[in-house]
2 protein chains.
Amino acid sequence: MQPVTDLDSLSLEETTYRRLRQALMEGAFEPGQKLSIRRIAAALGTSAMPARTALRRLATEQAVDVLPSGTAIVPRLTRAAFRELGTIRAELEPLALRLAAPRIGGPRLSELEAIVRDGWAAREANNPEEVLRADRDFLFVLYHAADAPMLLSIIEALWMRRGPHFWDARWIIIGRVPAENRHAEILDALRAGKGDEASAELKAEIESTTAYLLEQMPFADDPVEDGGFDRLRSPAGSTRKRRAAVGPSG
Amino acid sequence: MQPVTDLDSLSLEETTYRRLRQALMEGAFEPGQKLSIRRIAAALGTSAMPARTALRRLATEQAVDVLPSGTAIVPRLTRAAFRELGTIRAELEPLALRLAAPRIGGPRLSELEAIVRDGWAAREANNPEEVLRADRDFLFVLYHAADAPMLLSIIEALWMRRGPHFWDARWIIIGRVPAENRHAEILDALRAGKGDEASAELKAEIESTTAYLLEQMPFADDPVEDGGFDRLRSPAGSTRKRRAAVGPSG
DNA sequence: AATGAACATTTGTGATCACGTTATAGTAGG
DNA sequence: CCTACTATAACGTGATCACAAATGTTCATT
């Protein structure tokens with residue numbers, strides 16, 4: 001894969017935006033976490049300006065919410081919002097896969113195979129971080145292959161909104177007994193040139209995972225009992241200090 | 001319809017953003033038109049800051065393109081981009097209609113009826129501006145009724161990108177002989193409680209209109225002959241000066 | 001110890017400025 | 001009449017400042 005851009009030649013505002021975007025998609029922030037302009041600017045060693053614009057851009061995509069005071073906050077999803085997210089994903093991501101199917105060549109297939117293998121190994125090793133990473137990588141290799149830039153950016157926006165909660169729920173996700181390896185089946189369908197089958201499989205995966213999480217995950221509008229949102233953190237009591245908004249060194 | 005917010009209580013940046021967004025969706029700008037920060041700021045009587053943030057937000061939604069120099073420009077769509085737009089719309093807008101269908105009550109139905117009547121009258125009067133407005137209003141009443149905020153904002157982003165070209169092509173659109181009144185049929189289906197039928201009808205409309213325009217409209221990557229982009233302006237030689245970016249008085 | 005008021009800090013917003021780049025118009029040369 | 005160059009204007013970017021609103025903290029009071 002070619003380097004998307006030379007980071008050095010980009011404006012500060014653009015790099016700030018991309019780093020926040022990536023962090024959000026990967027679940028590096030916790031739901032409810034406040035992202036203040038000055039803090040982010042300080043963490044990146046710039047003035048407030050690039051951080052301000054970057055945050056407002058994210059708010060436009062609804063990747064962050066914005067309090068009445070103007071402060072950006074990592075969204076806490078309501079059940080309705082999470083359901084909506086699932087509904088849209090179940091429509092758009094299979095579409096992307098359908099567009100990508102005829103464009104997947106041999107090299108891409110082996111790349112995908114490797115990712116599926118990694119994901120499977122991580123699952124057996126009970127390593128949820130790695131499982132989630134592999135799942136995400138698998139899908140986005142496909143979505144990039146669709147060569148539909150608008151569609152891709154819409155899907156990314158959906159993932160940004162979902163990312164923080166997904167990350168929080170990684171122990172729930174990993175706890176689900178995987179009847180079969182769905183990504184392996186998608187891969188098989190792609191190898192056989194059955195794009196529509198792969199697409200249907202993906203749609204089923206998104207819908208069933210969404211339904212499962214609606215049952216298992218706590219949401220912002222659930223009645224609070226015993227700490228509410230703060231259960232289901234990682235088991236080894238990781239009560240560490242909230243991580244810095246953006247670390248300049250990664 | 002309730003006033004969404006009171007404009008006076010909003011930040012300058014937010015009002016700037018909303019005005020540009022509306023203008024884009026309605027096709028008030030021409031493809032290729034440059035939107036400079038300072039010009040827009042001057043037109044609104046503010047400093048450059050709100051205009052800067054507003055334009056960057058629009059760029060994030062891909063509602064405007066950004067030249068290498070950083071200047072925002074109203075997009076000129078390539079055929080591929082227009083096709084992609086149609087493909088995404090054909091997936092999302094029927095979804096929105098499906099979600100909206102069970103929520104459409106009597107008052108909404110009469111509102112929709114009135115809009116359809118207006119549109120039909122405008123078509124007979126050969127008034128393309130009014131036809132396009134009615135079509136847009138009809139659909140967005142439905143999309144709002146879906147009560148799915150993310151979905152709505154995605155759809156609006158798609159329309160923003162399409163708006164300028166659509167406006168340019170209004171004489172082509174109006175010139176197409178309408179076999180039947182599709183929106184009336186959608187309305188009938190809704191009245192009968194057949195949301196899926198309405199949705200399928202809408203999908204067909206989007207797909208056939210997209211295909212039709214792909215044949216009839218000139219695109220940014222078409223070979224230029226005889227003025228290229230500049231044919232198909234309104235017949236009464238409206239060679240008026242390019243309208244101001246944003247008029248402060250509306 | 002719990003409550004509330006006063007203070008200090010942090011926050012977003014918008015304006016202004018400096019800097020380097022890009023686009024544009026005018027002019028000279030072919 | 002067209003092209004190439006140059007000077008001037010306009011542009012985007014990022015930093016900094018002032019201001020008002022919101023937030024968090026401290027301390028006195030009950």
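Labels below follow one simple rule: chain letters A, B, ... track the order of the sequence lines, proteins then strands, and each chain is numbered from 1. Please read all numbers here as calculations on a predicted model, not as lab measurements.
- Between the C1' atom of C:dG14 and the CD atom of B:E14 lies a distance of 15 Å, rounded to the nearest Å.
- A close approach under 4.0 Å does occur between a side-chain nitrogen or oxygen of B:K34 and OP1 or OP2 of C:dT24.
- Rounded to whole Å, the distance from CE on A:M49 to C1' on D:dA18 is 14 Å.
- Aromatic ring pairs are classed by plane angle as parallel below 30°, tilted from 30° to 60° and perpendicular above 60°; the pair A:F219 and A:H165 is parallel.
- If you check every strand for non-hydrogen atoms under 4.0 Å, B:P50 touches sugar and phosphate atoms only.
- Two residues, A:S47 and B:L55, neighbour DNA chain D, and the one matched to the more 5' nucleotide by heavy-atom proximity is B:L55.
- The shortest heavy-atom contact between B:G86 and B:I206 is O-CG2, 3.9 Å.
- Contact annotation: B:R38 does not reach the phosphate of D:dA9 (side-chain N/O to OP1 or OP2, under 4.0 Å).
- Between the side chain of B:R170 and the main chain of B:W167, a donor-acceptor pair closer than 3.5 Å is present.
- At a cut-off of 3.5 angstrom, counting only N and O atoms as typed in the model, there is no donor on one side facing an acceptor on the other between the side-chain of A:R52 and the base of D:dG14.
- Side-chain atoms of B:R56 lie closest to D:dT13 of the nucleotides D:dT13, C:dA15, C:dG12.
- Between C:dT11, D:dT13, D:dT16, one nucleotide has an atom nearer to the side chain of A:T71 than all others, and that is C:dT11.
- The CG atom of A:L35 sits 14 Å away from the C1' atom of C:dG12 (whole-angstrom rounding).
- Under the 3.5 Å distance criterion, the side-chain polar atoms of A:R136 are left unmatched by any main-chain donor or acceptor of A:E26.
- Atom CD1 in B:I73 sits about 16 Å away from atom P in C:dT22, given to the nearest Å.
- Among the nucleotides C:dA15, D:dC11, D:dG14, the one closest to the side chain of B:S36 is D:dC11.
- Counting to the nearest Å, the P atom of C:dT10 and the CZ atom of A:R39 are 10 Å from each other.
- Contact record, B:I104 with B:R108: CG2-CB, 3.7 Å, taken as the closest heavy-atom pair.
- Rounded to an integer number of Å, the gap from CG of B:L67 to C1' of D:dT13 is 16 Å.
- The listed nucleotides are C:dA15, D:dA15, D:dG12; the one nearest the side chain of B:L12 is C:dA15.
- Following rounding to the nearest Å, B:L58 (CG) and D:dG12 (P) show an atom-to-atom distance of 14 Å.
- Taking atom CD1 on B:I37 and atom C1' on D:dG14, their separation rounds to 12 Å, with Å as the unit.
- For the pair B:S69 and C:dT22, the criterion of a side-chain N or O lying under 4.0 Å from OP1 or OP2 is not met.
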